[in-house]
Asks: 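My structure is below; once you've seen it, I'll send some questions.
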Amino acid sequence: MRLYRLPKAERIEDLTLVEAEPPRPARGQALVRMRAAALNYRDLMVATGRYGRGAGVKPGLVPLSDGAGEVVAVGPEVTRVKPGDRVAGIFMPGWIGGAITEAAAATGLGGGAVDGVLAEQVLFDAEGLVHLPEHLSFEEGATLPCAAVTAWNALFGGPRPLQPGESVLTLGTGGVSIFAIQFARAAGARAIATSAHDDKLARAKALGAADGVNYARQPEWETAALALTGGRGVDHVIEVGGAGTLPRSVRAARLGGQIHQIGAALAAGDGRIDPTPLMRRNLTLRGIYVGSREMFEAMNRAIALHALRPVIDRVFPFEAAPDAYRHLAGQTHLGKVVIRIG
Ligand SMILES: NC(=O)c1ccc[n+]([C@@H]2O[C@H](COP(=O)([O-])OP(=O)(O)OC[C@H]3O[C@@H](n4cnc5c(N)ncnc54)[C@H](OP(=O)(O)O)[C@@H]3O)[C@@H](O)[C@H]2O)c1
């Protein structure tokens, strides 16, 4: 079987396709024949040496956190899945439910020291698998583990989940933000999309966003968000930008609103956070790191109920995986970039 490794992680061109012995499942493990994998912005950071707490990623890492396929064999004592099941791996196999722990946070696939899923066959801890919603293809299912679960956790995983009639401001039209628009719409909430491109805003509206703001033409997009909410501000911000966008997100939020801090890499800033408006405006700034298996399963029930379909921008063949990375890096996409396997 074939898989990709990153002998070093400095450039997309470091991705190397290699042959390996097919793995065998041990106790508690399931062997999955991968049918699709999906890219996240994190994977660009991994491949170009911008990821990992100080130590970066291990030499020879198998990249990507997100993939789906069918179970072909299970080891002893596996009851959660059986051969033939259509499954996706969860982002952190160590985070099943409850609050995140240090140990769970260290299990993220395709980063740090943990191999990921850009391979024809992958061994998973069976507890780290979820069944795909029946109406989804493998390619659609592969988009769920990181971006979709992150958007779900932001909107529904916290102490004050999104309510019908509330408003959700999304930044850009990448993987996380498009899922947030779809979930907000399904929950009876109002999504306000932002993008640097009018054509992407039109597509975001077709997917359920009520309004669109072009942040390239209107750099003070928070003013537009305030105007669209009658001066009140939005209930939730899906903050995928970082230090460069956070001050505007703070101004866009209503008194008592919630800012879900998801990204730190897209919009550079001086890194300073002014606590005064957070305090005066009673805001909640909530850090998000993907989500647990419990959240993934709750999300899948909602996806099945509403027959939601992930938005796939483009699918690349396995042999052209580096082109998929380059496409994501170009940032012309809307939604998800997928690699077909097999
Ligand atoms: N904490 C977590 O658990 C978690 C999970 C997933 C993602 N993330 C982070 O969230 C961010 C988005 O991830 P993703 O995978 O959805 O990325 P993505 O698919 O690559 O989408 C990025 C989109 O963001 C928009 N954008 C780029 N620069 C921007 C800026 N300066 N201000 C506002 N919008 C900007 C662009 O949309 P337009 O072209 O429409 O303008 C771009 O297409 C990344 O930083 C990623 O690392 C974190």
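All residue numbers refer to positions in the sequence shown, counting from 1. Counting starts at 1 for both ligands and their atoms, in listed order. If you're wondering where the values come from, they're calculated on a predicted model, not measured in any experiment.
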Asks: Could you tell me the residue and atom name of the protein heavy atom closest to atom 31 (N) of ligand 1, and the distance to it rounded to 0.1 Å?
Replies: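 It is Ala267 CB, 3.6 Å.
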
Asks: Around atom 38 (P) of ligand 1, find the nearest protein heavy atom and jot down its residue, atom name and distance.
Replies: Ser195 OG, 3.5 Å

Asks: If you measure from NZ on Lys8 to CG on Asp14, what distance do you get to the nearest 0.5 Å?
Replies: 4.5 Å

Asks: Which class fits the ring pair Trp152 and Phe156: parallel under 30°, tilted 30 to 60°, perpendicular over 60°?
Replies: tilted

Asks: For atom 39 (O) of ligand 1, which protein heavy atom lies nearest, and how many Å away is it?
Replies: Lys200 NZ, 2.8 Å

Asks: Does Glu239 come within less than 4.0 Å of Arg286, counting only side-chain N to carboxylate O?
Replies: no

Asks: Go through the structure and list residues passing salt bridge (charged side-chain N to carboxylate O under 4.0 Å, His left out) with Arg42, not counting sequence neighbours.
Replies: none

Asks: For His236 and His260, take the angle between the two ring planes, folded into 0 to 90°, and tell me which bin it lands in: parallel under 30, tilted 30 to 60, perpendicular over 60.
Replies: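 The arrangement is parallel - the two ring planes meet at less than 30°.
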
Asks: How far is atom 17 (O) of ligand 1 from its nearest protein heavy atom, and which residue and atom name does that atom have?
Replies: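 Looking only at protein heavy atoms, the one closest to atom 17 (O) of ligand 1 is Tyr41 CB, 3.6 Å.
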
Asks: Looking only at protein heavy atoms, which one is nearest to atom 48 (C) of ligand 1, and what is the separation?
Replies: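 Protein heavy atom at minimum distance: Ile262 O, 2.9 Å.
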
Asks: Quick one: which of Leu39, Ile288, Leu44 has a heavy atom closest to atom 1 (N) of ligand 1?
Replies: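 Ranked by closest heavy atom to atom 1 (N) of ligand 1, first place is Ile288.
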
Asks: Does anything in residues 125-151 form a salt bridge (charged side-chain N to carboxylate O under 4.0 Å, His left out)? List the pairs, not counting sequence neighbours.
Replies: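 Found Glu127-Arg293, Glu139-Arg340, Glu140-Arg309.
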
Asks: I need the atoms of ligand 1 closer than 4.0 Å to a non-hydrogen atom of His197, numbered in the order shown.
Replies: 39 (O)

Asks: For Phe91 and Phe296: C-alpha separation, side-chain torsions, deciding distance, then whether ring-ring contact (aromatic ring centres under 6.0 Å, His included) applies.
Replies: CA-CA 10 Å; Phe91 184 92; Phe296 200 154; over 10 Å; no

Asks: Can Asp85 and Arg80 be counted as an ion pair, charged N to O under 4.0 angstrom?
Replies: no

Asks: Supply the atom-to-atom distance Tyr289 OH to Met92 CE, rounded to the nearest 0.5 angstrom.
Replies: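 So the OH of Tyr289 and the CE of Met92 are separated by 5.0 Å.
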
Asks: Measure the distance from atom 24 (O) of ligand 1 to every protein heavy atom, then report the residue, atom name and distance (to 0.1 Å) of the closest one.
Replies: Leu266 CD1, 3.4 Å

Asks: Is it the side chain (CB and beyond), the backbone, both or neither of Cys146 that lies under 4.0 Å from ligand 1, heavy atoms counted?
Replies: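 Side chain only; the backbone of Cys146 stays clear of ligand 1.
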
Asks: Against heavy atoms of Gly263, which atoms of ligand 1 measure under 4.0 Å?
Replies: 9 (C), 10 (O), 45 (O)

Asks: Between the side chain of Ser195 and the main-chain N/O of Gly172, is any donor-acceptor distance below 3.5 Å?
Replies: no

Asks: Judged on heavy-atom distance to atom 16 (O) of ligand 1, which of Val176, Leu334, Asn153 sits nearest?
Replies: Val176

Asks: Of Arg50, Arg42, Gln331, Lys336, which has the heavy atom at the shortest distance from atom 20 (O) of ligand 1?
Replies: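 It is Gln331 that holds the nearest heavy atom.
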
Asks: Would one find an N or O of Ala196, backbone or side chain, under 3.5 Å from an N or O of ligand 1?
Replies: yes

Asks: Against heavy atoms of Gly175, which atoms of ligand 1 measure under 4.0 Å?
Replies: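 In order of numbering, the contacting atoms are 16 (O), 19 (O).
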
Asks: Using a 4.0 Å heavy-atom cut-off, which part of Thr150 comes near ligand 1: side chain, backbone, both, or neither?
Replies: side chain

Asks: What's the spacing between Arg314 CZ and Lys336 NZ if we round to 0.5 Å?
Replies: 16.0 Å

Asks: Using a 4.0 Å cutoff against the non-hydrogen atoms of Thr173, which atoms of ligand 1 qualify?
Replies: 37 (O), 38 (P), 40 (O)

Asks: Is the closest heavy-atom distance from Gln261 to ligand 1 below 4.0 Å?
Replies: no

Asks: Please state which protein non-hydrogen atom is closest to atom 18 (P) of ligand 1 and give its distance, to 0.1 Å?
Replies: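 Ranking protein heavy atoms by distance from atom 18 (P) of ligand 1, first comes His333 NE2, 3.4 Å.
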
Asks: Could you tell me, atom by atom, which parts of ligand 1 come under 4.0 Å of a heavy atom of Val290?
Replies: 2 (C), 3 (O)

Asks: What atoms of ligand 1 come within less than 4.0 Å of a heavy atom belonging to Tyr289?
Replies: 3 (O)

Asks: Below 4.0 Å from ligand 1: does a non-hydrogen atom of Tyr215 turn up there or not?
Replies: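 Checking ligand 1 against Tyr215, which is what was asked, there is a heavy-atom contact under 4.0 Å.
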
Asks: State whether a side-chain donor-acceptor pair under 3.5 Å links Thr229 with Arg254.
Replies: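 Side chains of Thr229 and Arg254: no pair found under 3.5 Å.
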
Asks: Among all the protein's non-hydrogen atoms, which is closest to atom 32 (N) of ligand 1, and how far away is it?
Replies: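 Minimum-distance protein heavy atom for atom 32 (N) of ligand 1 reads Thr245 CG2, 3.8 Å.
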
Asks: Are Asp211 and Arg190 close enough for a salt bridge, meaning some N to O gap below 4.0 Å?
Replies: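 Yes, this pair counts.
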
